[in-house]
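Naming: A, B, ... by sequence-line order, numbering from 1 per chain.
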Number of protein chains: 2
Amino acid sequence: MGNSGKVEANRWEEINAACDALSETEEELTREMVMRLADKWSLWTLAILAEEDGPLRFTRLMERVEGVSQKSLTKTLRALERDGLITRQIFAEVPPRVEYTITALGLELLSHVEPLWNWVARSVPQFQRTRQEFEAR
Amino acid sequence: MGNSGKVEANRWEEINAACDALSETEEELTREMVMRLADKWSLWTLAILAEEDGPLRFTRLMERVEGVSQKSLTKTLRALERDGLITRQIFAEVPPRVEYTITALGLELLSHVEPLWNWVARSVPQFQRTRQEFEAR
DNA sequence: CAGTATCCAGATCGATACTG
DNA sequence: CAGTATCGATCTGGATACTG
């Protein structure tokens, strides 16, 4: 493990290099996107839509994304739509119908989130141990 | 692109399967870890420590993580330490010296964050275009 | 049905002052 | 030097009521 740290560090420097190539605005946008992924509902909502593999109405989404409020779901959906990760189609009917569908970009994003999420999930026992040691001091 | 959506969706279902295997507490911890990655300072601090490839003192860290307050940096460092992503070594000297170092686990985490971050950074132009279209309506 | 509008509680974070 | 303590502005998000 002596130089594995060095390897990893170098790999991380590549990210910084890639980031430095971005303008201030672009760097901010990158950060914003990454932060959105971790907010309370975005990833979950996106995952539900991916799982569904088809359109879902607002109320169905609220049922599946357990615990979300109307306000938060609306806000989440607007942000996802704005970034092109989902589409929102309104049907001129009574009662109104609105269908949300994940886009190719949204699916691509999820495919890049997956490895990280899996690693974290697999590492949970490790984190639990570390925390217990930390608290035992 | 007809069935690429299906492929991606199936891949995402694997995540859900992996997540379902976790207990409530573990799932919560996974979410908590992922969310921490996106908070304002954690990832940046971790990246600085990875880049440094060696110990850094509190004040040096504050200089490099531009804009962070003492309070936020302290909180961030405690959380990272608690999860075993960095170590904190105190030297019994006057004036006191405290050195922070990234751990192997921290480096491993960064290596899994990198691909996602890079993809988002590369996709920034796409997001910018999408947003402009969205606002033009 | 699919929202919007309003109010409110809790968390977050920076600035500032102080300390072992 | 490396924090802690405190205050206040800001943000987030839930609950509730209302609407095209």
So which nucleotide from [options] ends up closest to the side chain of [X]?
X        : options                  : value
Ser69(A) : dC1(D), dT4(C), dG14(D)  : dG14(D)
Ser72(A) : dG3(D), dG13(D), dA2(C)  : dG13(D)
Phe58(A) : dC1(D), dG3(C), dG13(D)  : dG3(C)
Lys71(B) : dC1(D), dT6(D), dG3(C)   : dT6(D)
Arg57(A) : dG3(D), dC1(C), dC1(D)   : dC1(C)
Lys40(B) : dG14(C), dA2(D), dC1(C)  : dG14(C)
Lys75(B) : dC1(C), dG13(D), dT12(C) : dT12(C)
Val98(B) : dC7(D), dT4(D), dA2(D)   : dA2(D)

**Request:** Using a cut-off of 6.0 Å, state whether more than 12 heavy atoms not belonging to Glu135(B) lie near its atom CD.
**Result:** yes
**Message:** Need to verify one output field. Residue with the more 5' nearest nucleotide on DNA chain D, Gln70(A) or Trp41(A)?
**Reply:** Trp41(A)
**Message:** Under 4.0 Å, counting only non-hydrogen atoms across every strand here, what does Tyr100(B) touch: a base, just sugar-phosphate, or nothing?
**Reply:** sugar-phosphate
**Request:** Scan Arg60(B) against the nucleic acid and name what it touches under 4.0 Å (heavy atoms): base, sugar-phosphate only, or nothing.
**Result:** nothing
**Message:** Quick one: does any side-chain atom of Arg122(A) pair with a main-chain N or O of Trp117(A) as donor and acceptor, under 3.5 Å?
**Reply:** no
**Prompt:** Is a side-chain N or O of Thr103(B) found less than 3.5 angstrom from the main chain of Gly84(B), in a donor-acceptor match?
**Reply:** yes
**Request:** For side chain to side chain contact (heavy atoms under 4.5 Å, CB included), just list the numbers for Val68(A) and Leu61(A), CA-CA rounded to whole Å, side-chain angles, deciding distance to a tenth of an Å, and then say yes or no.
**Result:** CA-CA 9 Å; Val68(A) 74; Leu61(A) 265 170; over 6 Å; no
**Prompt:** Should Glu32(A) and Arg36(A) count as an ion pair when the cut-off is N to O under 4.0 Å?
**Reply:** yes
**Item:** salt_bridge(Arg131(A), Glu133(A)) N-O dist < 4.0 Å
**Value:** no
**Asked** Relative to the ring of Trp119(A), is the ring of His112(B) parallel (under 30°), tilted (30 to 60°) or perpendicular (over 60°)?
**Response** parallel
**Asked** Counting a pair only when it is Watson-Crick or G-U and both distances are under 3.5 Å, which runs of at least 3 such pairs involve DNA chain C?
**Response** C:1-20 with D:1-20
